Amino acid sequence: MSQKIRTRIAPSPTGFLHLGTARTALFSWAYARHFGGEFVLRIEDTDVARSTQDSVDQILASMQWLGLDFDEGPIYQMQRLERYAAVVDQLILEGKAYRCYCSPAELDDMREAQRARGEKTHYDGRWRPEPGKVLPAPSDAVQPVVRFKNPLDGDVTWDDVVKGPITINNREIDDLIIVRPDGVPTYNFCVVVDDWDMKISHVFRGDEHVNNTPWQINIFNALGAPLPQFGHVPVILGDDGQKLSKRRGAVSVTAYEEAGYLPEAMLNYLSRLGWSHGDEELFSREQLVSWFDGSHLSKSPAQWDPAKLEWVNSQYIKQADDARLAALVAAQLTGRGIVLDAVAVAALPAMCALFKDRCATTVALADWLVMYFAPVVPKTEDLAAHLTDAVKPALLALADSFAGIEWNKAAIQAAIKEVIAAHGLKMPLLAMPVRALVCGRVQTPAVDAVLELFTKEIVIKRLRSL
Ligand code: GLU
């Protein structure tokens, strides 16, 4: 019988959901969904000093925003301490783990001596029980740690879903601490007990964990637990070729939500970082799920490309429903202190429809729509270029003409045509100063369409302000 596919994402709640973790979550989620399996969210909060509820909330909000729904969880490691303690006791009982009473000073001396001898620093196994070996006497002054009795030699080999076969010799790794002096178990131990208990079949995670995997495999084996398959996903590099990090710009999912990106665009873009399906660039989550079977994952680092993300987002904005965009833009505008009454709210979808083609984000869309709700300041250079003495009478005539018409696009266009004919002007000569005065910028969609979405009173007032 084939095993049920179960994947998980196991973030540590020490900050927001990092883009790298979001991408791993996305791969894990898509893999589970592709095979009709299950996706688990586990919160790895054993670093008590740095874990916060606020981070958990942010992680949950970002997962929800991206639509990465999970079937189980969030499961908190700190609520599983009893289980870990029982497994540790069992390992000690079976002689597969042991208490080590080395003080920090003693460990420092040990490493110092190893360095002096030109050796790689490692735990020398002085508390490791062996048949016939006499152990030192435990000191009351030292709170012991528990170490895992790692095999002394032999290879650990696994066939990585992403990287292919990897082999590490046990001589390169020492006896890992699995319980700290304060009694809290460590990551490499909890992760194994959890992946075992939660019947995880596939572990996708960042490749900074490749070096932890041999320890984890040894612990799985010591527990008699079946091994999951591991897939280590290469890092995401920033445009400076360095690992994407906070110091080099936005790295949280939340920051992109705030910057006006749509979740489906983010999901689409993130999935292409280290994975491909032919040369498909734009696809739905359903397509992603139907294609994502663990193949075509790249072995080399992915490149974060803000321009491409922006392009992807602009494609999604173009196709987005206007009412949905209106709600997003309303939130942006409100955030800028603009009070939207019911009339404004009702007008927003048509405004979004008119401007969405030229906007890469909902923030850019809000930048455009501000002119409808707040005073504009025409640019001096636009006025200098377009507000000539010759055109001023035509602008005032246009304002007068607008006062008498029914406010719709056809009537606006007819009024403009009449004025340019009466004043012997060409269309742009009138349209440019109209845009400068009413919109505060001179590049806009067709002027009649833009004006229609203002109230007549505002347009007249701005035209007469020249
Ligand atoms: N808490 C670990 C991290 O955030 C999880 C690693 C794993 O998936 O095993 O890196």
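Nothing here was measured: the structure is a model prediction, and the numbers come from that model. Read the numbers this way: they start at 1 and go in the same order the structure lists the ligands and their atoms.
For T362 and Q332, the side-chain atoms include at least one donor-acceptor pair closer than 3.5 Å.
For Q53, the side chain to side chain donor-acceptor pair (under 3.5 Å) partners at least two apart in sequence or on another chain are D57. With sequence neighbours excluded, the residues satisfying side-chain contact (heavy atoms from CB on, under 4.5 Å) with A347 are M351.
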Measure from every N or O atom of ligand 1 to the protein's N or O atoms and keep only the pairs below 3.5 Å, writing each with atom names and distance to 0.1 Å.
| from | atom 1 | to | atom 2 | distance (Å) |
| --- | --- | --- | --- | --- |
| ligand 1 | 1 (N) | A10 | O | 2.8 |
| ligand 1 | 1 (N) | S12 | OG | 3.0 |
| ligand 1 | 1 (N) | E44 | OE1 | 2.6 |
| ligand 1 | 8 (O) | R8 | NH1 | 2.6 |
| ligand 1 | 8 (O) | R8 | NH2 | 3.4 |
| ligand 1 | 9 (O) | R8 | NH2 | 3.0 |
| ligand 1 | 9 (O) | Y187 | OH | 2.7 |
| ligand 1 | 9 (O) | R205 | NH1 | 2.9 |
| ligand 1 | 10 (O) | H209 | NE2 | 2.8 |

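The list of salt bridge (Lys or Arg N to Asp or Glu O under 4.0 Å) pairs with a residue in residues 334-349, not counting sequence neighbours, reads R336-D367.
By the 30° and 60° cut-offs, the orientation of the rings of W275 relative to F292 is tilted.
In summary, of the residues considered (K299, H209, R205), a side-chain hydrogen bond (donor to acceptor under 3.5 Å, both in side chains) with H232 occurs for R205 alone.
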